[in-house]
Amino acid sequence: MRQQLVQLLYKVSTSAVLDDGYIELAEQLIVNTIIDGLNTARASIWLLNSDNSQCHCQLLLDKTNGEPDQSLILTRANFPAYFSALDTQRVIIANNAHTDPATSEFSEHYLTPLSINSMLDAPLRFKGKMIGIFCCEHTGSFRQWEDDECTFLSGLADLYGRALSAQESRLVKQQLEVANHYLEERVIERTNTLQKTLEELTGTQEKLIESEKMAALGNLVAGVAHEVNTPIGIAVTANSSATDNLKQLNQQLENNTLSKNSLMTMLAHIDECLTISSSNLDRAAALICNFKQTAVDQSSLDISTVMLNDYLANTIHSLTPLTRSHQVITTIECDNTLSLVTVSGALSQIIMNLVSNSCVHGFKGRTNNQINIVVHVDTQQNTYTLRYSDNGHGMSANVLQNVFEPFFTTTRGNGGSGLGMAIVYNLATQALQGDVKIHSQPEQGITVTFTFPLSLS
């Protein structure tokens with residue numbers, strides 16, 4: 001191939017226009033290169049329709065006629081020989097376009113009026129399919145097309161395919177950008193919706209948790225009220241008996257019938273009544289004090305310093321009505337001197353929920369029920385482990401897997417809310433900044449192990 005044609009091909013192949021994805025600019029570059037390289041007056045690009053039944057003029061440059069007609073259409077029905085040649089030949093070389101079998105159909109109505117005597121056409125292929133042609137039309141004398149000119153035109157046809165690929169990539173990229181923009185908007189919209197829903201669910205959960213806490217506190221109030229009524233009732237009875245004896249004593253004094261033996265008997269009875277009344281009132285006061293401390297702690301998540309053993313004992317004592325009704329024996333193993341800086345209200349709520357779950361679920365229909373709370377300190381890690389266990393019914397694998405899920409309950413038909421253990425988990429991991437693990441098997445009871453820091457900052 002002549003050096004000039006090689007240089008032109010190289011110039012086109014290295015042009016940024018070819019790969020920018022704007023096919024119109026690439027078409028202008030290629031058609032001008034055809035005219036310059038082949039020194040011809042007219043060059044054009046024609047594109048086939050989907051079924052190859054016709055092709056229309058995509059771009060036509062004519063150096064001699066200025067603004068040529070760009071709306072030309074060729075149909076297979078009108079020019080069957082030409083379309084047949086396109087189907088089978090790599091390049092259509094018509095040195096005499098008027099007599100060449102492939103182009104003679106154009107002679108009367110197209111070639112002669114425009115003084116076109118020679119044609120050189122190269123089919124355009126994209127992804128293995130013919131999509132159109134490059135057409136070179138020589139006016140004036142007949143022209144003998146050289147092999148290197150045919151190769152040059154075929155090379156430009158291949159480069160046109162590259163330009164089409166670039167356009168396709170650009171359009172796909174644009175579609176992806178539009179799709180990504182749409183998806184981003186949808187993601188933002190969905191995120192906002194989910195955020196709003198999450199806020200609503202969080203608010204609902206907080207209300208339900210608060211409701212559950214109040215329900216637990218209400219049950220505690222009812223139990224403590226019942227428990228307090230017993231010693232107060234005994235104290236009232238003893239006080240009433242002492243009052244009656246005091247009236248008898250005064251009456252005998254007024255009547256001068258009081259004997260020493262009668263006086264001693266009445267004073268002993270009054271003393272016994274006062275002792276009974278005093279001990280039972282102290283018992284009621286202790287219950288009320290423990291209840292008050294538990295109630296205040298449950299409503300507060302403030303950090304305070306507590307002696308753990310005493311605090312656990314007070315919490316368990318406040319639950320006496322519940323544990324007594326289920327025949328539960330509770331033991332606590334903890335160093336009497338262990339002092340913590342912690343959220344005592346959260347710890348109290350955890351113990352109360354666990355004891356309540358043991359009584360309601362674990363000990364249903366059972367006797368000889370036991371709850372053990374064991375505390376170990378790890379000074380190296382500055383943590384302590386609280387292990388809560390009972391000897392109740394235990395849990396199946398399915399229940400154990402979902403036990404900390406909010407609203408999961410095995411007693412929904414009997415009023416269970418499914419929030420008790422969820423509250424335990426949230427308080428342990430958030431308020432107390434610890435970790436919780438649970439182990440259980442059917443009829444083997446449960447063991448809940450908490451690991452908490454000795455001091456919360």
Side-chain angles (χ1 to χ4, degrees), residues 212-213 215-217 219-224 226-227 286-287 290-291 293-295 297-298 306-336 338 340 342 344-377 384-396 399-400 403-404 409-411 416 419-425 427-428 432 434-452:
E212 181 76 6
K213 290 170 66 177
L217 197 56
N219 291 334
L220 179 61
V221 170
V224 170
H226 175 76
E227 191 72 12
L287 283 170
N290 289 335
F291 165 70
Q293 182 62 44
T294 301
D297 283 347
Q298 282 195 39
V306 297
M307 300 300 292
L308 184 58
N309 185 68
D310 294 341
Y311 191 79
L312 291 174
N314 289 337
T315 302
I316 293 298
H317 191 262
S318 69
L319 295 170
T320 299
L322 179 63
T323 55
R324 179 179 295 168
S325 65
H326 288 83
Q327 304 176 36
V328 180
I329 297 175
T330 303
T331 60
I332 299 174
E333 297 179 29
C334 179
D335 185 352
N336 290 330
L338 178 57
L340 303 176
T342 188
S344 57
L347 188 59
S348 173
Q349 181 71 39
I350 287 173
I351 297 300
M352 292 188 67
N353 281 15
L354 291 175
V355 172
S356 176
N357 270 11
S358 292
C359 292
V360 173
H361 301 286
F363 298 146
K364 185 177 181 180
R366 298 174 72 100
T367 57
N368 300 321
N369 302 315
Q370 296 179 5
I371 290 176
N372 299 309
I373 299 175
V374 180
V375 177
H376 291 292
V377 176
Y384 70 97
T385 299
L386 188 152
R387 186 176 71 249
Y388 175 97
S389 61
D390 69 28
N391 64 340
H393 290 295
M395 301 179 186
S396 66
V399 173
L400 188 64
V403 68
F404 291 128
T409 178
T410 58
T411 59
L419 287 173
M421 292 304 289
I423 293 174
V424 167
Y425 182 84
L427 291 175
L432 296 178
D435 178 59
V436 54
K437 296 179 181 178
I438 186 168
H439 174 76
S440 181
Q441 291 182 0
E443 302 307 321
Q444 298 294 319
I446 68 164
T447 299
V448 187
T449 304
F450 301 91
T451 302
F452 299 128

K.L.:
The criterion is salt bridge (charged side-chain N to carboxylate O under 4.0 Å, His left out); which residues satisfy it with Arg366, sequence neighbours excluded?
P.N.:
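So Arg366 forms a salt bridge (charged side-chain N to carboxylate O under 4.0 Å, His left out) with Glu443.
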K.L.:
With a 4.5 Å heavy-atom cut-off, do Glu333 and Asn372 have their side chains touching?
P.N.:
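A side-chain contact is absent here, since even the closest heavy-atom pair is not under 4.5 Å.
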K.L.:
Taking C-beta and beyond as the side chain, do Thr447 and Arg387 meet within less than 4.5 Å on heavy atoms?
P.N.:
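Yes, side chains in contact.
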K.L.:
Return the set of residues passing side-chain hydrogen bond (donor to acceptor under 3.5 Å, both in side chains) with Thr367 (not counting sequence neighbours), or none when no residue passes.
P.N.:
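Thr367 satisfies side-chain hydrogen bond (donor to acceptor under 3.5 Å, both in side chains) with no residue once adjacent residues are dropped.
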K.L.:
Backbone N or O of Ile423 within a donor-acceptor pair of the Asn353 side chain at under 3.5 Å?
P.N.:
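Looks like no, no N/O pair under 3.5 Å.
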K.L.:
Rounded to the nearest 0.5 Å, what separation is found between the CD1 atom of Ile351 and the CG atom of Leu319?
P.N.:
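Result: 9.0 Å between the selected atoms.
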K.L.:
Could you please spell out the steps behind the side chain to side chain contact (heavy atoms under 4.5 Å, CB included) verdict for Ile438 and Val436?
P.N.:
CA-CA 7 Å; Ile438 186 168; Val436 54; 5.7 Å; no
K.L.:
Looking only at heavy atoms, which two atoms of Gly394 and Ile446 are closest? And how far apart?
P.N.:
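Result for this residue pair: CA-CG2, 4.1 Å.
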K.L.:
Quick one: does Leu432's side chain get under 4.5 Å of Ile350's, heavy atoms only?
P.N.:
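Yes; the side chains approach each other to less than 4.5 Å.
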K.L.:
To the closest 0.5 Å, what do you measure between CZ (Phe450) and CG (Asp435)?
P.N.:
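Going from the CZ atom of Phe450 to the CG atom of Asp435 covers 10.0 Å.
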K.L.:
Any heavy-atom pair between the side chains of Gln370 and Thr330 that's under 4.5 Å?
P.N.:
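No; the side chains remain at least 4.5 Å from each other.
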K.L.:
Determine the minimum heavy-atom distance between Ser356 and Leu322, stating which atoms define it.
P.N.:
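Nearest heavy atoms, Ser356 then Leu322: CA-CD2, 3.9 Å.
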K.L.:
With rounding to the nearest 0.5 Å, note down the distance linking OG in Ser389 to CG in Leu354.
P.N.:
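Answer for the OG-CG pair, Ser389 versus Leu354, is 10.5 Å.
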K.L.:
Nearest 0.5 Å please: distance from the CG atom of Leu427 over to the CG atom of Leu347.
P.N.:
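The distance works out to 9.5 Å.
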K.L.:
If I compare all heavy atoms of Leu400 with all of Ser440, which pair ends up nearest, and what's the gap?
P.N.:
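Nearest heavy atoms, Leu400 then Ser440: CD2-O, 3.9 Å.
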K.L.:
Could you state the interatomic distance from OG1 (Thr323) to CD1 (Ile329), rounded to the nearest 0.5 Å?
P.N.:
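Answer for the OG1-CD1 pair, Thr323 versus Ile329, is 10.0 Å.
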K.L.:
Can you check whether Thr342 reaches Leu308 side chain to side chain, under 4.5 Å on heavy atoms?
P.N.:
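Of all side-chain heavy-atom pairs linking Leu308 with Thr342, none is under 4.5 Å.
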K.L.:
Residues in side-chain hydrogen bond (donor to acceptor under 3.5 Å, both in side chains) with Ser358, at least two apart?
P.N.:
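By the side-chain hydrogen bond (donor to acceptor under 3.5 Å, both in side chains) rule, Ser358 matches Tyr388, Asp390.
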K.L.:
For Ile373 and Ile316: C-alpha separation, side-chain torsions, deciding distance, then whether side chain to side chain contact (heavy atoms under 4.5 Å, CB included) applies.
P.N.:
CA-CA 10 Å; Ile373 299 175; Ile316 293 298; 4.0 Å; yes
K.L.:
What I'd like to find out is whether the side chain of Val375 reaches to under 4.5 Å of the side chain of Asp335, using heavy atoms alone.
P.N.:
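Heavy-atom side-chain distance check fails, nothing below 4.5 Å.
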K.L.:
Can you see which heavy atom on Ser396 is nearest to which on Pro442, and at what distance?
P.N.:
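Looking at all heavy atoms of both residues, the shortest contact is CA-CG, 4.1 Å.
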